[in-house]
Protein chains: 2
Amino acid sequence: MKIDFDGIQAFVVIAELGGFSKAAEYLHVTQTALTRRVQKLEAYLGLRLLDRTTRYVELTAVGREFLPQAKAIVNEMTMAVGRLKDMSRNSRGSFTIACVPTMASHALPAVIKRYAEIYPGNRIRLIDTSAFEVRDAVLHGQAEIGVGVPTDRHPELVEVPMLEEPLMFFCREEHPLSKMKSVTWSDMREAELIVVSSMTATRVFMDYQLAKRGISLSGAYEVQHHATAIGLVAAGVGTAILPASTLGEGARPGMCRIALTGPVVKRKICLIHRKNNTLSPAAEAFFKLLLQQKNVADAS
Amino acid sequence: MKIDFDGIQAFVVIAELGGFSKAAEYLHVTQTALTRRVQKLEAYLGLRLLDRTTRYVELTAVGREFLPQAKAIVNEMTMAVGRLKDMSRNSRGSFTIACVPTMASHALPAVIKRYAEIYPGNRIRLIDTSAFEVRDAVLHGQAEIGVGVPTDRHPELVEVPMLEEPLMFFCREEHPLSKMKSVTWSDMREAELIVVSSMTATRVFMDYQLAKRGISLSGAYEVQHHATAIGLVAAGVGTAILPASTLGEGARPGMCRIALTGPVVKRKICLIHRKNNTLSPAAEAFFKLLLQQKNVADAS
DNA sequence: GATTTAATTGCAGTTCACGCATAAGATAAA
DNA sequence: TTTATCTTATGCGTGAACTGCAATTAAATC
């Protein structure tokens, strides 16, 4: 009833190398063992695969017919197992990560670059989408790792804090507040304010934090993407409230980024993965790199 | 280093049936054994294939990727081994037999018919050719079984006597000798005699036997095939010396078959196979049927 | 919190596979 | 024919691996 892979492998190697002894050397076992394996296999099958005198080994008619199949099976098996071991040893493989757009364009690129240097050849599928869909993608197994914001607890998901960044005030140098070290929410003039859509997790979180302190802020402009908001500010349309990482220091000429206090509202970014699902070695390695990123952020 | 087929099979069945217990039942082992097999496989590979709580079993990302391959391998293996066992148990399979034309058209058809009844579906490739080429076909492995005449001993070949039949004299009813119970070689009139080509083994053997008794007979007509000779006799062209089996008793109207003595020259037919080559089960079964034919001939 | 279901682990028995040493068979050379 | 040599087969003892039972642990449901 049980299938004897060793026997078939022995048969293939003996047939290809033309002898028990050579095959034994190749397989790093004694010739005795191969004799036994072949005998066992033949006994199990009820027919001879190899006609052997003490001098020569030759395929039987059945053996000749079976050899190509056996060879294919042994090869596939060896290959498949080899690939798996390679994945395990060298964190090789492909995986999918879901990520909110901000991180996809700011924190991720550096990590992906490092990852590509350490593990060349590994393909990463990146789904950049809203925080809600990031959560769903991980939950439904479309992505192994999610980079998003904390959400309502789900028993299947694990959220690991990665970094947090304050919302900041963005304006042009000409703006009256541009020379301030920090500004407060009450300094905002709604008539010129650009905020991101209330559909985004960032905005929901922000509104919630402000509401706790009796502050309400809707803004005159509402856009979907941070990049759009930055563009509008740069063009002199107005001022904006955005996560700090939206713009690195002095990344754009004529643009100022000022701390926003009273209160400081911090957007939390976390890594998400399914609770009971082991990450593939490739994803695992990436996950660790992401966590290192966290430490970098903590240190600064 | 050693590849664990059991483990992979366990993985596949568990993944397909969705649980260790169900898989255990399917494989006729305890669920404990499967736990161990999977653990061993995963330890060997260095990664998890199945994420399992005590309640549910689920594929990991790697497991999902590997499952199709594993399934294919396990299926192929099971199929291939199954086919071999079937070949062995039910003498199933195809094989090639080489046969001299006389036998191919006289003794063989009945055997093939019986064989087809007992082992339906088995394909037989039949090479009908000269005795020399029958021998070569077997020697070079193109045919597993040969039906031919004894030749010079070859260390690689085994010849098993099957049947022998006398050469007989064939003529039309109008012929002066047609009413004789038997005729002798000296009764032959060369001017009207049709014999088969001196290239055939039968002819070589006949000449040798006659030469021992100082008889030489070349005939006026020489043809390649027995069927041709019979045709010529039937058309009244002449008389012929042919193996008895060329024509069953009274098989053709107006044709007589008369014993030829002084001496009686018998053509021996034997089965040939390679000495150290095990026959495939299908061929083995056919070989046995052929030998029964021998007994039939001996009895008559 | 109790119950049920399903995988895991401790333990012990047994089988199975392996390797050493030796035998036996076959070919080639003397 | 005998001998040398090469290659597979076998006897036997050892050790590892696999298995199964029974108890355990963990998750999900009531």
Side-chain angles (χ1 to χ4, degrees), chain A residues 1-45 48-60 63 153-158 274-278, chain B residues 1-45 48-60 63 153-158 274-278:
Chain A
M1 201 70 212
K2 265 183 59 179
I3 284 174
D4 177 11
F5 183 84
D6 287 351
I8 292 175
Q9 190 193 36
F11 162 68
V12 170
V13 177
I14 292 167
E16 299 229 287
L17 270 50
F20 282 67
S21 304
K22 279 169 235 159
E25 191 182 352
Y26 177 82
L27 292 173
H28 307 296
V29 289
T30 58
Q31 163 265 333
T32 307
L34 289 195
T35 296
R36 297 275 154 75
R37 285 187 193 175
V38 173
Q39 283 173 342
K40 188 180 158 222
L41 177 63
E42 288 181 334
Y44 170 71
L45 293 175
R48 283 180 88 76
L49 294 172
L50 295 169
D51 271 320
R52 40 202 191 275
T53 68
T54 55
R55 197 82 185 156
Y56 273 101
V57 173
E58 201 175 354
L59 288 165
T60 62
R153 287 256 169 271
H154 188 287
E156 296 271 301
L157 295 179
V158 178
R274 281 174 58 101
K275 189 169 189 180
N276 293 317
N277 281 47
T278 310
Chain B
M1 202 67 212
K2 263 185 59 180
I3 284 174
D4 176 12
F5 183 83
D6 288 351
I8 291 174
Q9 189 192 36
F11 162 67
V12 169
V13 177
I14 291 167
E16 298 229 289
L17 298 179
F20 282 67
S21 304
K22 280 169 234 160
E25 191 182 353
Y26 177 83
L27 291 173
H28 307 296
V29 290
T30 57
Q31 165 263 347
T32 307
L34 290 195
T35 296
R36 298 274 155 72
R37 286 188 192 174
V38 173
Q39 283 173 342
K40 189 183 157 219
L41 177 63
E42 288 181 336
Y44 170 71
L45 294 175
R48 285 178 88 76
L49 294 171
L50 296 168
D51 271 319
R52 41 201 190 277
T53 67
T54 55
R55 198 84 187 156
Y56 272 102
V57 173
E58 202 176 355
L59 289 164
T60 62
R153 288 257 170 272
H154 189 287
E156 295 271 302
L157 295 180
V158 178
R274 283 175 58 101
K275 190 170 189 178
N276 292 318
N277 281 46
T278 309

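Order of the sequence lines sets the chain letters (A, B, ...), proteins ahead of strands, with each chain counted from 1. Note that the coordinates shown come from a computational prediction; the quantities given were computed from them, not determined experimentally. All heavy atoms count here, side chains included; hydrogens, waters and symmetry mates do not.
- Between A:Thr30 and C:dC20 there is no side-chain polar atom (N or O) within less than 4.0 angstrom of OP1 or OP2.
- Going from atom CD1 of B:Ile3 over to atom CZ of A:Phe5 covers 4.5 Å, rounded to the nearest 0.5 Å.
- Taking the nucleotide of DNA chain D with the nearest heavy atom to each of B:Ala33 and A:Glu156, the more 5' of the two is matched to B:Ala33.
- Looking at heavy-atom distances under 4.0 Å, B:Thr32 makes contact with a base.
- In this structure, the CZ atom of B:Arg52 is 15 Å from the C1' atom of D:dA27, given to the nearest Å.
- Taking only distance into account, the side chain of A:Gln31 meets the base of D:dA9 through a donor-acceptor pair shorter than 3.5 Å.
- Put simply, CD on A:Glu58 is 16 Å from P on D:dT7, counting in whole angstrom units.
- We find that CG of B:Asp51 is positioned 15 Å from C1' of D:dA26, with the value rounded to whole Å.
- Following rounding to the nearest Å, B:Lys2 (NZ) and C:dC18 (C1') show an atom-to-atom distance of 9 Å.
- Heavy atoms from other residues, nucleotides or ligands lying under 6.0 Å from CD of B:Glu25 number 12 at most.
- Between A:Leu50 and A:Glu58 the shortest side-chain heavy-atom distance does not fall below 4.5 Å.
- Residue A:Gln39 places at least one side-chain N or O closer than 4.0 Å to OP1 or OP2 of D:dT10.
- Close to D:dT8, at under 4.0 Å from its OP1 or OP2, lies no side-chain N or O of A:Thr35.
- B:Lys40 places its NZ atom 11 Å from the C1' atom of D:dA16, with the value rounded to the nearest Å.
- Between the P atom of C:dC16 and the CG atom of A:Asp4 lies a distance of 12 Å, rounded to the nearest Å.
- Side-chain proximity of B:Phe20 to the nucleotides C:dC18, C:dT8, C:dA6 is greatest for C:dT8.
- Going from atom OH of B:Tyr56 over to atom P of D:dA28 covers 8 Å, rounded to whole Å.
- Atom CZ of A:Arg37 and atom P of D:dA9 are 15 Å apart (whole Å).
- Under a 4.0 Å N-O distance rule, the pair A:Asp4/A:Arg37 does not qualify as a salt bridge.
- Within 3.5 Å, a donor on the side chain of B:Arg36 pairs with an acceptor on the base of C:dG10, or the reverse.
- Looking only at distances, a side-chain donor or acceptor of B:Thr60 sits under 3.5 Å from a matching main-chain atom of B:Arg48.
- At the heavy-atom level, A:Thr53 lies under 4.0 Å from the strands shown only through sugar-phosphate atoms.
- Comparing B:Ser21 and B:Asn276 by the nucleotide of DNA chain C that holds the closest heavy atom to each, the one mapping nearer the 5' end is B:Ser21.
- Under 3.5 Å, the side chain of B:Arg55 and the base of C:dT5 form at least one donor-acceptor pair of N or O atoms.
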